[in-house]
**Student:** 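Got a structure for you, written out below as C-alpha cells; questions coming shortly.
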Amino acid sequence: MAVPKENEVMEKLVSLCKRRGFVFQSSDIYGGINGFWDYGPLGAELKRNVKECWWTTMTRLREDVVGLDATIIMHPRIWQASGHVDTFSDPMCDCLLTRKRFRADQIEPQSGLAYHFSGARDTATGRTLTDAYAVLLPPGKPPESARRTAAQFYAARGLSNVELQGERTEKVENSTRFNPENGSLLTEPRPFNLMFKTYVGPVGDESAIAYLRPETAQAIFAQFKNVLETSRQKVPFGIAQVGKAFRNEVTPRNFTFRTREFEQMELEFFVPPAEGPQWYEYWCNERLDWYVRHGIPTDLLRIRAHDDDELSHYSTGTSDVEFMFPWGWDELEGIAQRTDYDLKQHSQHSGERLDYFDQPNNERYVPYVIEPAAGATRTMAAFLLAAYDEEEVGDGDKSDIRTVLRLHPRLAPYKVAVLPLSKKDTLTPLAHEVRRMVGDRYMVDYDETQSIGKRYRRQDEIGTPLCITVDFDSLDDNAVTVRERDTMEQVRVPIAELMPLLTEKLGF
RNA sequence: GCGGAUGUAGUUCAAUGGUAGAACCUCAGCUUCCCAAGCUGAUGACGGGAGUUCGAUUCUCCUCAUCCGCUCCA
C-alpha cells in the first residue's frame with residue numbers, strides 16, 4: 001500500500017523527534033496515553049524558545065502590553081460566565097444510519113409516525129439481528145420509505161437480503177430522538193464534556209467540582225480590574241499570558257497538533273469600542289509577520305477570515321493564521337474580535353464593575369477586546385515542519401542525504417556546538433575553554449565522539465546553526481573554524497574575534 | 001466516540017507455531033579525523049493482558065497506542 005507523501009514527512013519528523021529527544025509520547029513505558037506528549041531535552045529547549053520569542057515580542061518589547069500568570073484551576077463560576085460549562089458539555093447523539101453527530105439540544109423536534117423494528121433476518125443465510133431500530137416518517141410519507149431506511153440500517157450491519165421483523169408504529173410528537181434529515185433513530189444522548197473536571201479539597205462532592213482551564217484567556221478577563229489598576233495602563237492596552245490549557249478533545253490527532261494538554265500564548269488587547277476594527281487589522285498583520293520573522297516561509301502561511309457561520313456568538317470577526325501542514329491548511333492562531341462580551345459576562349456574574357473610565361474624553365465604557373490566541377505546542381510543530389529539510393550532498397555515484405532542521409537561531413535548542421577535531425587530550429583543554437566562553441552567552445553543545453563529519457550531521461539534524469571546530473592548528477594560531485548549518489561554509493577565525501562573529505551570524 | 005489500517009531493538013525494516021536477524025543510531029577502544037571514513041567490540045525488541053496449544057512474537061479475543069477518514073479546535 002502506497003503511503004501518501006504528505007504523511008512521509010510527518011513520519012520522518014516524528015521519528016527524528018523521538019530519536020533526537022525532542023518529543024516523546026507521554027507515559028511511553030506504560031503504552032502511552034492518547035493526546036499527551038512529553039518534550040525531551042531538545043524539545044523542552046525549543047518549546048521554551050517559542051514561548052520566549054512570543055513573550056518578548058508581545059510584552060517586553062511593547063509598552064502597551066503587560067503579562068499575567070494565572071492558575072490553571074480557577075473558581076468554577078468563571079466557566080459559567082464564559083459559557084464553557086454550557087457549550088463544552090453538550091449531550092451528543094449519533095445518527096444510527098449515517099453516523100453523523102448532533103448536539104442533542106440543537107435537534108429540531110420532529111413529529112410524525114415512528115416505525116419500530118425489533119430486528120431483521122437474512123433470507124439468504126438465515127442469520128438474524130435483534131438490534132432494535134426505528135424510523136420517523138413525517139405525515140404523508142409512504143410506509144415503504146421507512147422500511148427502506150430500516151433495511152439500509154440492517155444491511156450496514158451485515159445482512160444482505162433483509163427481512164424486517166417486529167414492525168409496529170407509534171405516533172410521535174416533538175421528539176428529538178430522530179435525525180431530522182433522514183428520520184433515522186439516533187443513539188441515546190451521551191454527555192460530552194470537553195472540560196477536565198476535578199475536585200478542590202479532599203472531599204470529592206459536587207460542591208467541590210472545579211475545572212482545568214480549557215483556555216488561558218478567561219483568567220485575563222477575571223483579573224482585568226486588578227491588572228488595570230496595578231499596571232497603570234490606559235486603554236488601548238493588552239494583557240498577555242502563556243500557559244497550559246486542557247481539553248478533552250474528541251479526537252487528539254496529528255502529533256502535537258491537537259492534544260488534550262497543550263500550551264497557549266494568548267493576548268487580550270483592550271480597545272475603545274470604536275477602534276475595534278483597526279486594532280483587529282493591526283493584530284492580524286502583526287501576528288502573521290511574527291511567524292514569518294521566525295522562519296516560516298510566507299507560502300506556507302495564510303490568514304483566513306472566518307465565514308459568518310463559523311463565527312462564535314460573541315465575535316464580530318475572526319481570522320485564523322493557518323500553516324500548510326502535511327495534511328493541509330490548519331490553524332496556528334485565531335485572532336478574534338470578542339467585543340465586550342467577556343468583560344460584560346464576568347461583570348454580570350461577579351457583580352464587579354469591569355468598565356473603564358477614559359479621563360481625557362470623560363467617558364465610561366466596557367472595552368472591546370481583540371484576542372490573538374496561539375497554540376504554542378502546535379506552533380512548535382509548525383516550526384519543526386517548516387524547518388525540516390533533506391538535501392542531496394553526495395558526489396555523483398554515491399548518494400548522501402543530509403537531514404537538516406533549518407530552525408531560526410532564536411528557536412534552535414543549541415545555538416552553537418563546540419567540536420574538538422580529535423578526542424586526543426591535547427585538544428581538550430582549549431576546546432573546553434572555547435566551550436565555556438561561548439556557553440556564557442549561548443546554549444552550547446559539546447561533542448567529541450566519532451568523526452567530525454558525523455558530528456556536523458548530528459548538529460544539522462537538531463538544528464544547531466553554528467559549529468566551532470578546534471583543531472591541532474588552533475593550539476598554535478589560537479584560531480578555530482566556524483561552520484554554518486545552512487550552507488556548510490567554513491571560516492577560520494581567531495578565538496579573540498569569535499564572540500562578535502557568533503553574534504553577527506546568529507543575529508543576537 | 002464511530003469506521004478502516006498498523007504495532008518486532010532508540011529509528012527503519014526482516015523472519016518464524018519450537019523464544020528472533022539486519023541496517024542506521026548509541027556507547028567503548030584504535031585512527032592529527034573538516035562533512036554520516038575504516039577496523040574491533042558492546043548495549044538493546046516481539047505494546048499490554050487473557051485464551052487456544054506440549055509450546056504463541058506468529059492463531060483467537062480484549063485492551064492500549066499510532067496513522068487515515070468522520071467530527072472538533074489554540
**Student:** Taking 4.0 Å as the cut-off, does a side-chain nitrogen or oxygen of A/Lys18 come that near to OP1 or OP2 on B/G10?
**Tutor:**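 No, because none of the side-chain N or O atoms of A/Lys18 sits under 4.0 Å from OP1 or OP2 of B/G10.
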**Student:** Please list residues of residues 44-59 of chain A whose heavy atoms come under 4.0 Å from any atom in RNA chain B, ordered by number; otherwise none.
**Tutor:**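 Listed by number, there are none.
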**Student:** For the CD atom of A/Glu263 and the CE atom of A/Met380, what is their distance to the nearest 0.5 Å?
**Tutor:**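 Taking CD in A/Glu263 and CE in A/Met380, the distance rounds to 10.0 Å.
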**Student:** Let's test your reading of the model: under 3.5 Å, does the base of B/C73 pair with the side chain of A/Arg378 as donor and acceptor?
**Tutor:** yes
**Student:** Contact class for A/Glu333 vs. all strands (heavy atom < 4.0 Å): base, sugar-phosphate, or nothing?
**Tutor:**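 It contacts sugar-phosphate atoms only.
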**Student:** When you check the phosphate oxygens OP1 and OP2 of B/U66, does a side-chain N or O of A/Asn34 lie under 4.0 Å from one of them?
**Tutor:**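 Checking B/U66 against A/Asn34, a side-chain N or O does come within under 4.0 Å of OP1 or OP2.
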**Student:** Among residues at least two apart in sequence or on other chains, which ones pass salt bridge (Lys or Arg N to Asp or Glu O under 4.0 Å) with A/Asp447?
**Tutor:**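 Counting only residues at least two positions away or on another chain, A/Asp447 forms a salt bridge (Lys or Arg N to Asp or Glu O under 4.0 Å) with A/Arg458.
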**Student:** Counting only side-chain N and O atoms of A/Asn254, is one of them less than 4.0 Å from OP1 or OP2 of B/C68?
**Tutor:**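 Answer is yes, contact under 4.0 Å.
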**Student:** Hunt down any stem RNA chain B takes part in, defined as 3 or more consecutive Watson-Crick or G-U pairs whose two distances are each under 3.5 Å.
**Tutor:** B:1-7 with B:64-70, B:10-13 with B:21-24, B:26-30 with B:38-42, B:47-51 with B:59-63
**Student:** Mind checking what makes side chain to side chain contact (heavy atoms under 4.5 Å, CB included) contact with A/Thr176, not counting sequence neighbours?
**Tutor:**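 For A/Thr176, the residues satisfying side chain to side chain contact (heavy atoms under 4.5 Å, CB included) (neighbours in sequence not counted) are A/Ile107, A/Pro109.
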**Student:** With sequence neighbours left out, what residues match A/Asn248 under side-chain hydrogen bond (donor to acceptor under 3.5 Å, both in side chains)?
**Tutor:** none
**Student:** Applying side-chain hydrogen bond (donor to acceptor under 3.5 Å, both in side chains), name anything that partners A/Tyr39, two or more places apart in sequence or on another chain.
**Tutor:** none
**Student:** With the sugar-phosphate defined as primed atoms, P, OP1 and OP2, and the base as all remaining atoms, what B/S/- string results for nucleotides 27-34 of chain B, 5' to 3', for protein heavy atoms under 4.0 Å?
**Tutor:** SSS-SBBB
**Student:** Quick one: label A/Leu419 by what it contacts on the DNA or RNA (base, sugar-phosphate, nothing), any heavy atom closer than 4.0 Å.
**Tutor:**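 No contact.
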**Student:** Only pairs at least two apart or in different chains count here, so list each salt bridge (Lys or Arg N to Asp or Glu O under 4.0 Å) that has a residue in residues 34-46 of chain A.
**Tutor:**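 Every candidate salt bridge (Lys or Arg N to Asp or Glu O under 4.0 Å) pair involving residues 34-46 of chain A fails, so no pair, neighbours aside, qualifies.
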**Student:** So, does the side chain of A/Arg20 form a donor-acceptor pair with the base of B/G10 at under 3.5 Å?
**Tutor:**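 Not at all, since no donor on one side and acceptor on the other fall under 3.5 Å apart.
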**Student:** With the threshold set at under 4.0 Å for non-hydrogen atoms, list the residues of residues 403-410 of chain A touching RNA chain B in residue-number order.
**Tutor:**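 Of all residues in residues 403-410 of chain A, none places a heavy atom under 4.0 Å from RNA chain B.
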**Student:** Specify the residue among A/Asp330 and A/Phe255 whose closest nucleotide of RNA chain B lies further upstream toward the 5′ end.
**Tutor:** A/Phe255
**Student:** If the condition is ring pair (Phe, Tyr, Trp, His ring centres under 6.0 Å), which residues does A/Phe323 pass it with, not counting sequence neighbours?
**Tutor:**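 Expected list: A/Phe325.
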**Student:** Does NZ or CZ of A/Arg287 fall inside the cone over A/Trp290's six-membered ring, less than 6.0 Å from its centre and within 45° of the axis?
**Tutor:** yes
**Student:** For A/Arg253, enumerate each residue passing the side chain to side chain contact (heavy atoms under 4.5 Å, CB included) test, keeping only those at least two apart in sequence or located in another chain.
**Tutor:**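 Expected list: A/Thr251.
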**Student:** So is A/Arg483 actually on top of A/Tyr456's ring, under 6.0 Å and inside 45° of the axis?
**Tutor:**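 So A/Arg483 does make the cation-pi contact.
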**Student:** Find out whether A/Val444 and A/Tyr414 are in side-chain contact, i.e. whether some heavy atom of one side chain is under 4.5 Å from a heavy atom of the other.
**Tutor:**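 No, side chains not in contact.
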**Student:** With sequence neighbours excluded, tell me which residues meet salt bridge (Lys or Arg N to Asp or Glu O under 4.0 Å) with A/Arg406.
**Tutor:**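 Partners of A/Arg406 under the salt bridge (Lys or Arg N to Asp or Glu O under 4.0 Å) test: A/Asp389, A/Glu391, A/Asp486.
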**Student:** Do you know which of A/Phe255, A/Phe22, A/Phe24 makes ring pair (Phe, Tyr, Trp, His ring centres under 6.0 Å) with A/Trp37?
**Tutor:** A/Phe255
**Student:** Base, sugar-phosphate, or nothing for A/Arg402, non-hydrogen atoms under 4.0 angstrom?
**Tutor:** nothing
**Student:** In whole Å, what separates the C1' atom of B/A28 from that of B/G18?
**Tutor:** 36 Å
**Student:** So, A/Arg19 and A/Glu461, do they make that salt bridge, N to O below 4.0 Å?
**Tutor:**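 The answer is yes: the pair qualifies as a salt bridge.
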